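One structure is given here, and the rest of the page talks about it.
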Protein chains: 2
Amino acid sequence: MNLLLISNSTMAGEEYLLWPRKHIENFLRQHNLSEVCFVPFAGISLSSKSMKDSYDVYAERVGAVFHSLGAKLVSVHTTNDPVQRVKDAQAVVVGGGNTFHLVYQLQTLGLMDVIREKVKSGTPYIGWSAGSNIACPSLMTTNDMPIIEPLSFQTLGLIPFQMNPHYLDANPAGHGGETRQQRIEEFLIVNQKTKVAGLREGCLLWMQEEQFKIIGSKPLRVFEYNKEPYEIEPGSDVSFLLE
Amino acid sequence: MNLLLISNSTMAGEEYLLWPRKHIENFLRQHNLSEVCFVPFAGISLSSKSMKDSYDVYAERVGAVFHSLGAKLVSVHTTNDPVQRVKDAQAVVVGGGNTFHLVYQLQTLGLMDVIREKVKSGTPYIGWSAGSNIACPSLMTTNDMPIIEPLSFQTLGLIPFQMNPHYLDANPAGHGGETRQQRIEEFLIVNQKTKVAGLREGCLLWMQEEQFKIIGSKPLRVFEYNKEPYEIEPGSDVSFLLE
């Protein structure tokens with residue numbers, strides 16, 4: 001499989017999709033992609049006018065970046081037959097936002113199975129934030145608020161472990177809520193056989209055929225049940241996560 | 001109905017359940033309670049030995065506080081017939097932890113309907129964090145990580161609006177994820193008729209017969225679709241949330 005799983009679109013204060021741009025460009029070039037199919041369903045608050053308008057704004061914003069990298073972007077929300085559009089796609093790109101809403105839409109439109117099958121057959125996949133989360137077996141370990149009830153928690157299952165994008169080490173000072181690490185450790189109590197990869201901002205996982213590695217400015221923090229969490233340096237192979 | 005809906009058990013750095021203690025004592029006295037029935041199912045990480053041990057530790061910890069306030073505490077997890085234990089209870093107390101796990105357990109043990117019916121008939125209810133969240137129509141607007149898939153998102157529905165406990169104004173510096181306000185605004189896009197009450201730490205909602213008010217050290221932040229969020233000062237009546 002060919003996956004580019006990005007933690008976050010944008011570093012605080014920076015231009016949209018700036019930091020991962022060179023990696024996306026590289027990925028597009030490696031796979032000779034001239035057009036990508038975009039899934040905007042996580043992005044529901046980019047316009048106050050309507051959901052449709054929010055998707056339009058989202059697709060335009062991401063499209064401008066992909067255009068600058070030499071690829072055309074078509075969005076699944078602008079056709080009456082989104083299943084066919086995915087089937088015809090050279091590559092699938094899933095943007096961030098609310099994971100629950102993304103999953104609900106993919107399930108009700110019948111796109112979850114189509115994307116899974118297509119990407120498992122080799123079609124390149126790029127996701128960030130919610131788009132990375134759904135590459136996992138389930139939407140669990142998302143940071144997002146449940147704002148809609150999906151048909152189930154099952155997602156694409158392209159990889160056998162869970163990711164936590166935007167992984168964050170500390171809580172805001174003086175806040176009594178659980179830290180991210182505590183939340184993930186609770187996940188492991190209930191799901192003892194699943195590994196969780198905490199992907200900090202400014203990092204991504206790159207899978208290309210036999211290769212699978214962590215790229216970025218910070219180490220990957222890996223959690224397993226009943227083990228001390230451990231760190232994997234950027235540039236390292238992370239194929240052990242696939243076992 | 002008689003509800004004590006607390007945002008958080010403990011302020012950072014303080015003794016367990018310290019800040020709400022005088023309010024709990026007051027509530028127990030107002031309702032002449034000598035014994036409460038405790039629901040520990042949100043607290044899954046208080047012991048590394050087993051889930052059962054975690055519940056034991058949780059019940060003991062909360063029990064010590066209630067004992068100091070003159071009330072005995074029995075936990076639903078120490079009987080083979082939790083439904084009967086709830087039915088026999090003078091009051092129901094639901095502690096915080098992971099909302100998804102709490103909801104899953106209440107649903108699979110058949111306790112959700114029993115607690116709803118009992119509290120709607122007048123039995124006093126105390127909850128904090130996840131325990132406050134499930135007093136709402138659904139588990140949506142929880143801050144917790146989905147670590148298990150509940151049978152549905154529907155919860156007790158004791159109140160017609162959603163709460164966001166541990167409501168937090170800002171993100172940690174330099175973090176690119178959504179703020180709490182952005183998350184709640186996304187909820188409102190999909191659920192336009194529901195109000196959301198952001199309950200900051202150190203605050204609670206107190207309902208007693210005709211009375212319903214916000215108590216604590218900070219104002220309540222109320223969110224409605226297509227409106228500027230607004231603040232309600234501590235001590236104010238909040239009955240408008242029930243409309």
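This structure is a prediction, so every number in the text was calculated from the model and none was measured. Every chain is numbered from 1, with letters handed out A, B, ... down the list of sequences.
With chain B as the partner, the residue from A:Asn191, A:Leu188, A:Thr141 showing the most heavy-atom pairs under 4.5 Å is A:Thr141. Looking only at heavy-atom pairs under 4.5 Å with chain B, the residue among A:Ser9, A:Ser48, A:Pro165, A:Ser152 that has the most is A:Ser152.
Annotation for A:Lys213: atom NZ does not count as buried by contact number, only 12 or fewer foreign heavy atoms lying within 6.0 Å. Residue-environment remark: CD (A:Glu60) stays at or below the threshold of 12 foreign heavy atoms within 6.0 Å. Within 6.0 Å of CD in B:Gln107 there are more than 12 heavy atoms belonging to other residues, nucleotides or ligands. Counting non-hydrogen atoms of neighbouring residues, nucleotides and ligands closer than 6.0 angstrom, the CD atom of B:Glu117 reaches no more than 12 such neighbours. No more than 12 heavy atoms of other residues, nucleotides or ligands sit less than 6.0 Å from atom CD of B:Gln154. More than 12 heavy-atom neighbours from other residues, nucleotides or ligands sit within 6.0 angstrom of CD on B:Glu14. Counted within 6.0 Å of OH on B:Tyr104, heavy atoms from surrounding residues, nucleotides or ligands total 12 or fewer; the atom is thus considered open.
Side chains of B:Asp144 and A:Arg183 form a contact here, defined as non-hydrogen atoms less than 4.5 Å apart. Counting only heavy atoms from C-beta outward, the side chains of A:Pro146 and B:Phe100 approach each other to under 4.5 Å.
Interface residue B:Glu186: backbone and side-chain heavy atoms are both found under 4.5 Å from chain A. Contacts of A:Ile184 with chain B are made by both backbone and side-chain atoms, with heavy-atom separations under 4.5 Å. Using a 4.5 Å cut-off between heavy atoms, A:Glu149 contacts chain B through both its backbone and its side chain. No part of A:Ser54 comes within reach of chain B, as not one of its non-hydrogen atoms sits under 4.5 angstrom from that chain. Both the backbone and the side chain of B:Ile44 come within less than 4.5 Å of a heavy atom of chain A. For A:Asn143, the parts lying under 4.5 angstrom from a heavy atom of chain B are both the backbone and the side chain. Of the atoms belonging to A:Leu151, it is backbone heavy atoms, and not side-chain ones, that fall under 4.5 Å from chain B.
The structure places CD1 of B:Ile148 at 10.0 Å from CZ of A:Phe187, a figure rounded to the nearest 0.5 Å. Considering CD of A:Gln182 and OG of B:Ser45, their distance stands at 7.0 Å, rounded to 0.5 Å. To the nearest 0.5 Å, atom CD1 of residue B:Ile189 and atom OG of residue A:Ser47 are 8.5 Å apart. The structure places CD of B:Gln162 at 9.5 Å from CE of A:Met145, a figure rounded to the nearest 0.5 Å.
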